[in-house]
Amino acid sequence: MSNVETQSILTVPNQLLSLLQNDNAITSKQLSFVMSAEFRGTDAQGKWNWRLAYDYLEAALVMWVQQTEDISLPALTTLMSKLPTQSRRSQEQVELQQFSTPLPMAYLVASAAAISEQDTVLEPSAGNGLLAAFAQQQGANLILNEIAPQRQNILSALFPDAPIFDYDAENIDDFLDSEYRPSVILINPPFSASPKMLKRNQSATTEHLYSALRRLLPGGRLVAITAEGFSFTQMMRTRRWDKRNKVLFSVGIAGKCYYKHGTTIKTRLTVIEKSEQLVVPQIHGIQPLSQTERLLAQLPPRQEIVIGQRKFFTPTPRRSVHQPQSSRYVPDTEVGHVIELEYRIKDDNDSEVVDEGIFSQYKLQAIAIDGASPHPSPLVESAAMASVKPPVPTYKPMIPQRLLSEGLLSEPQLETLVYAGNAHAQMLSGYYRLDDHDDLVICDQDHEDAHQYRQGFFIGDSTGVGKGRQVGSVILDQWLRGNTKA
């Protein structure tokens, strides 16, 4: 973003900041006047909208935090009383549940995180940076992520030194490059909304938290704002919960805290630390902000954590498709002698289907694998399926010889390996690219980022066929060819 663009974005926030620093209240009428003067027209004329006005107001609050040394909860509460209520909502705000963290709440979140200048702080749903501002005030490095383009531009202007991403935060751990390892995560995710989903997603908060916790460094601390009734106990009962994640503290917050941001929903502030230590969590019901601040003072100190050099790395360019390496023959490896699996093509006279009514005994119809062991239990398929002969493959997989000679893969499992490799050796027709958030595939023949994709293979076998062995053999075959990513 150029300096001219940055100055343009900050023009209105700077005017609002001047009012705040002079201890003046900002009314909706004043905000409308400033916006109309800047855009040379009113919202009724379509020159600007109230969502942008509120975003600029929040940007002014971030600047106020950045430029104020001694900040206290009473001072922030007084400041909020001088702001207009964000009573007008945009469709995007409602769909993505974009309700920014009020300054008093953001102050408590940062206090709970006990941030120092040694920390790298990730905010997966950064909004306009109200949480990030307090982390920056403590001298921490920032990693910011925000899916809304309008808010991304504001973040770029307010935090020019921080890397800013636009991923769906439900999958932040999958998208961020490995260089970005936060020791602190501040998160205020949508409570029940997901991008590109028309209906409410009741697992949205859970997905945001799981992904963020996976990214957190051992010994790190995560502070989350969720709906008041959100159950961390239920999260902890699932297999996806890392037992090192320990809930230290949780307290309900009265909905009045969010009043100026256009909602009165009750929320919950929860502190989680990635620790091997035994922890007895402090759980509290709904409390006023002043009492919450006193309760947070009882939190145990942060664990010592080893953090690398305090600098940001340039992310590795993302690649839409990881092309497999060229095939190579590996005659002998640590898995034993490797062979190329030979088979012969059956002619029509060799193909015999044993018809038993509705189901038929499963037999290989297109190929025969000499030396292959029969499956340890009887397999059947529908008579309709058995009446259709599979296509003739040409691919010959690579396997350790003992898988064949010792019967570790049965005849039907080896057949699956052949057909999967045959599919993966081919490319889909057409060229495709990922959308801006890497979660939709779009057919776009002429786009410079469009690629061909490999053909997939679907295993539809039922219980007892050994799908784990089938998938394992497919991965092993590609591994022996030098394609080391499955």
Side-chain angles (χ1 to χ4, degrees), residues 106-126 131-145 162-163 165 169-189 205-226 230 232-233 235-251 268-284 292 295-313 315:
Y107 173 81
L108 293 179
V109 168
S111 297
I115 300 168
S116 76
E117 62 180 11
Q118 299 301 315
D119 281 310
T120 295
V121 178
L122 166 66
E123 191 180 350
S125 302
L131 277 170
F134 289 98
Q136 183 190 53
Q137 193 184 54
Q138 301 302 317
N141 284 318
L142 299 178
I143 307 168
L144 305 179
N145 183 75
F165 303 97
E170 286 187 33
N171 306 296
I172 192 67
D173 182 55
D174 299 316
F175 288 141
L176 276 184
D177 287 317
S178 58
E179 293 94 336
Y180 298 104
R181 297 303 306 276
S183 54
V184 171
I185 297 178
L186 309 179
I187 182 168
N188 180 11
T205 297
T206 302
E207 296 303 320
H208 280 264
L209 289 170
Y210 275 136
S211 191
L213 285 167
R214 286 197 299 271
R215 178 59 55 149
L216 185 65
L217 279 170
R221 181 173 286 189
L222 177 145
V223 185
I225 299 172
T226 66
F230 181 78
F232 282 91
T233 302
M235 274 190 72
M236 295 166 64
R237 290 173 179 167
T238 67
R239 293 182 179 180
R240 297 169 64 187
W241 182 261
D242 187 334
K243 295 188 182 301
R244 293 177 299 172
N245 296 328
K246 306 294 174 54
V247 175
L248 302 183
F249 176 93
S250 189
V251 61
R268 177 160 289 276
L269 186 155
T270 302
V271 182
I272 300 175
E273 204 159 78
K274 187 168 284 188
S275 169
E276 301 288 351
Q277 301 174 6
L278 180 64
V279 172
V280 179
Q282 304 176 38
I283 309 298
H284 304 275
T292 300
L295 293 172
L296 286 172
Q298 303 171 18
L299 273 173
R302 287 276 303 280
Q303 295 186 60
E304 185 176 353
I305 184 170
V306 178
I307 303 173
Q309 293 181 337
R310 296 184 68 248
K311 65 177 182 179
F312 290 110
F313 297 85

| query | Less than 4.0 Å between a side-chain N and a carboxylate O, is that true for K246 and E273? | reply | no
| request: Indicate yes or no: at least one non-hydrogen side-chain atom of Q303 is less than 4.5 angstrom from one of S275. | output: yes
| request: Considering non-hydrogen atoms only, spot the tightest contact between A114 and D119 and give its length. | output: O-OD2, 4.1 Å
| query | Hey, does F232 have a side-chain heavy atom less than 4.5 Å from the side chain of I283? | reply | no
| request: Give a yes or no answer on whether the side chain of R302 reaches the backbone of S116 with a donor-acceptor pair at less than 3.5 Å. | output: no
| task | Examine distances only and state if a side-chain atom of S211 and a backbone atom of I172 form a donor-acceptor pair shorter than 3.5 Å. | result | yes
| Distance, nearest 0.5 Å, that separates CD of Q282 from CG of L296 | 9.0 Å
| task | Return yes if some donor-acceptor pair links the side-chain N/O of T120 with the main-chain N/O of N141 below 3.5 Å, else return no. | result | no
| request: Please work out which of the three classes, parallel, tilted or perpendicular, describes the rings of F134 and Y107, given edges at 30° and 60°. | output: perpendicular
| query | Is the shortest heavy-atom distance from the side chain of M235 to the side chain of L209 under 4.5 Å? | reply | yes
| Would you say the side-chain atoms of S125 and N188 include a donor-acceptor pair closer than 3.5 Å? | no
| message | How close do R214 and K274 get, counting heavy atoms only, and between which atoms? | response | O-NZ, 4.0 Å
| Between CG of L222 and CG of L186, what distance do you get to the nearest 0.5 Å? | 8.0 Å
| request: Verify, without hydrogens or angle tests, whether R215 (side chain) and D173 (backbone) share a donor-acceptor contact under 3.5 angstrom. | output: yes
| query | Do L122 and L176 come close enough that some side-chain heavy atom pair is under 4.5 Å? | reply | yes
| said: Tell me whether D242 contacts the main-chain N or O of R244 through its side chain, where contact means a donor paired with an acceptor under 3.5 Å. | reply: yes
| said: I need the S250 OG to I272 CD1 distance, nearest 0.5 Å. | reply: 8.5 Å
| query | Heavy-atom distance under 4.5 Å between the side chains of R221 and L299, does that happen here? | reply | yes
| Between atom CG of L144 and atom CG of L131, what is the distance when rounded to the nearest 0.5 Å? | 10.5 Å
| Looking at CD of E123 and CD1 of I185, how far apart are the two atoms once the value is rounded to the nearest 0.5 Å? | 11.0 Å
| Would you say the side chain of V279 lies within less than 4.5 Å of the side chain of V247, judging by non-hydrogen atoms? | no
| said: Using 0.5 Å steps for rounding, measure from the CG atom of L248 to the CD atom of Q298. | reply: 13.0 Å
